[in-house]
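Notes for the one structure printed next.
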Amino acid sequence: MSLAEKSVFKTVHQYSGKLVPNADMEKLEAIAKDYCQVKNYVYQHYSGIGSLPKIYPGYTVQNEMTASGLRTRLGLPSVFFYCAIFDALGDIKSRWSYTKNKVEKNIRKNLNLTPEDRHYLRFVMKQSQCFETILLEKPITLRQEWQESYDSIRTGVDEHRLNQYLRRQVRKHLQKMHTNAENGFSVTAKAYRYGNNGSSHGIYISTKENRKRVFIPLTDNNQYSRQLFIHLYPKEGKIKIDVHLQAKVIARPGYCNEIGLAVGMTEMFVTDQGNIYGGRYSSYQMELTEYVRKGMVCYQIVVYNF
């Protein structure tokens, strides 16, 4: 019998088993501080409209950051430096996605736009080369198949007005990013290794000192070989490690069961086997009703006094 496999992404955590010595924590904090500076440098130079063609896939930014000399000035190992770059680029890409979603929402709500206007705007937003050249105010040149589609939808619309509208909308919602978070950093497998130190099992993490690693005892014996994120808690003398995993979920054909489900007034659901879900549903509903009622009374009083 064949198995239908699916994948889910999950995050597991590892925790330091003992208090991290102050000297070791300071070394990790120094990395986190520089990591934050690198991210802010990327935000400042590449989160604007002019850098949109550079952030996909991001190797242009990587090369320019290498040539900037920032890593040398900070004395930050390359494994942390490039993690910070692509971490920041991920944030910038997410910001662009957010901006596009806001612009598309405003396009739907704008009553001054005709259906042809909306069709034009949606087309140029989905066609990345179109979108970039409009924002950069450059002539639009596309491949033949895309050029024909573009020429057909631009007919009968005020192209200049719509392009100006699109630029205003993007400038309104696209904001340059900044972070003050100096409490963590990402690390690739090249910058750590799991091992034992005496009777303790833990992780060795690289520092800014050449060939120097700090050892952090862990509460479990699990080992991973992927990018990790290290959270620092200096006041508590602890760290937490986030491990992002892709796990396979196996669904066996025929492995299912039909149940009877009743929607109740006092309980939310009751199954045919007598299992109750949401047993306090009615009490929550009564509390919500009372809360709304009091709010309405207060609202009426305020309006009357006004």
Side-chain angles (χ1 to χ4, degrees), residues 9 11-16 19-52 54-58 60-102 170-188 190-192 203 205-209 212-214 216 226-244:
F9 294 91
T11 300
V12 299
H13 306 289
Q14 292 184 294
Y15 302 90
S16 54
L19 292 179
V20 180
N22 290 335
D24 291 344
M25 183 64 76
E26 288 175 358
K27 294 177 181 178
L28 298 178
E29 287 185 286
I31 297 174
K33 181 179 180 180
D34 291 349
Y35 195 91
C36 179
Q37 289 191 46
V38 175
K39 290 184 66 174
N40 282 328
Y41 188 96
V42 176
Y43 292 154
Q44 181 180 358
H45 290 81
Y46 299 102
S47 61
I49 292 175
S51 298
L52 179 57
K54 297 180 180 180
I55 65 174
Y56 296 96
T60 300
V61 176
Q62 178 183 359
N63 294 335
E64 291 183 3
M65 288 293 294
T66 302
S68 69
L70 179 62
R71 188 180 76 84
T72 303
R73 293 196 297 272
L74 295 176
L76 188 65
S78 59
V79 287
F80 301 112
F81 183 73
Y82 293 115
C83 274
I85 293 173
F86 284 98
D87 194 357
L89 283 177
D91 295 337
I92 293 173
K93 293 174 183 178
S94 296
R95 186 67 196 184
W96 271 107
S97 297
Y98 167 82
T99 300
K100 285 186 175 182
N101 289 335
K102 294 291 289 186
V170 170
R171 287 195 296 267
K172 178 180 178 181
H173 297 289
L174 183 68
Q175 300 175 358
K176 285 198 173 183
M177 307 175 68
H178 183 82
T179 180
N180 293 319
E182 299 180 353
N183 57 351
F185 54 89
S186 293
V187 56
T188 63
K190 293 181 179 180
Y192 71 87
I203 185 171
I205 303 175
S206 296
T207 65
K208 295 178 65 174
E209 300 178 48
K212 297 288 185 179
R213 297 192 176 197
V214 297
I216 309 296
R226 60 185 63 243
Q227 184 167 306
L228 311 176
F229 191 88
I230 313 296
H231 295 274
L232 306 180
Y233 303 94
K235 294 182 179 179
E236 295 84 359
K238 299 178 180 179
I239 73 165
K240 182 181 74 171
I241 302 174
D242 289 349
V243 187
H244 303 291

Exercise. Using the ring of each side chain (for Trp, its six-membered ring), is His13 parallel, tilted or perpendicular to Tyr15, with breaks at 30° and 60°?
Worked result: tilted
For this session: Please step through side-chain contact (heavy atoms from CB on, under 4.5 Å) for the pair Val214 and Val20, ending with a clear verdict.
Result: CA-CA 10 Å; Val214 297; Val20 180; over 6 Å; no
For this session: Among Thr66, Thr188, Asp87, find the one that has a side chain to side chain donor-acceptor pair (under 3.5 Å) with Tyr82.
Result: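 Checked Thr66, Thr188, Asp87 against Tyr82; only one passes side chain to side chain donor-acceptor pair (under 3.5 Å): Thr66.
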Problem set entry | Partner of Asp242 under side chain to side chain donor-acceptor pair (under 3.5 Å), chosen from Gln14, Gln227, His231 | His231
Exercise. Within a reach of under 6.0 Å around NZ of Lys238, are more than 12 heavy atoms found that belong to other residues, nucleotides or ligands?
Worked result: no
Exercise. Does NZ belonging to Lys240 count more than 12 external heavy atoms closer than 6.0 Å?
Worked result: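 Enclosed: over 12 neighbouring heavy atoms sit under 6.0 Å from NZ of Lys240.
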Problem set entry | Side chain Thr207, main chain Lys212, donor-acceptor under 3.5 Å | yes
Exercise. Where the side chain of Thr179 meets the backbone of Cys36, is there a donor-acceptor pair that is under 3.5 Å apart?
Worked result: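 The answer is no, because no donor-acceptor pair under 3.5 Å joins these two groups.
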Over all heavy atoms of both residues, which pair between [X] and [Y] is shortest? Give the atoms and the distance, please.
X      : Y     : value
Lys176 : Gln44 : NZ-O, 3.2 Å
His173 : Arg95 : O-NH2, 2.9 Å
Ser186 : Phe80 : O-CD2, 3.7 Å

Would you compute the distance between atom [atom1] of [X] and atom [atom2] of [Y] and round it to the nearest 0.5 angstrom?
X      : Y      : atom1 : atom2 : answer
Ile85  : Glu64  : CD1   : CD    : 10.5 Å
Leu228 : Tyr192 : CG    : OH    : 4.0 Å
Ser47  : Leu52  : OG    : CG    : 11.5 Å
Ile230 : Phe185 : CD1   : CZ    : 5.5 Å
Glu236 : Leu19  : CD    : CG    : 10.0 Å
Lys93  : Tyr56  : NZ    : OH    : 6.5 Å

Exercise. So do His244 and Thr11 actually touch side chain to side chain, heavy atoms under 4.5 Å?
Worked result: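 Yes - at least one pair of side-chain heavy atoms lies under 4.5 Å apart.
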Can I get a per-line list of side-chain donor-acceptor pairs under 3.5 Å for residues 22-29, giving both atom names and the distance, sequence neighbours left out?
none

Problem set entry | Trace of the side-chain contact (heavy atoms from CB on, under 4.5 Å) decision for Cys83 with Tyr35 | CA-CA 8 Å; Cys83 274; Tyr35 195 91; 4.0 Å; yes
In residues 70-77, what donor-acceptor pairs under 3.5 Å come from side-chain atoms, sequence neighbours left out?
{"unit_1": "Arg71", "atom_1": "NH1", "unit_2": "Leu76", "atom_2": "O", "d": "3.2"}
{"unit_1": "Arg73", "atom_1": "NH1", "unit_2": "Ser68", "atom_2": "O", "d": "3.2"}

Exercise. So Val38 and Met65, side-chain contact (heavy atoms from CB on, under 4.5 Å) or not? Walk me through it.
Worked result: CA-CA 9 Å; Val38 175; Met65 288 293 294; 4.1 Å; yes
For this session: Verify side-chain contact (heavy atoms from CB on, under 4.5 Å) between Phe86 and Val42, making sure each step is shown before the conclusion.
Result: CA-CA 9 Å; Phe86 284 98; Val42 176; over 6 Å; no
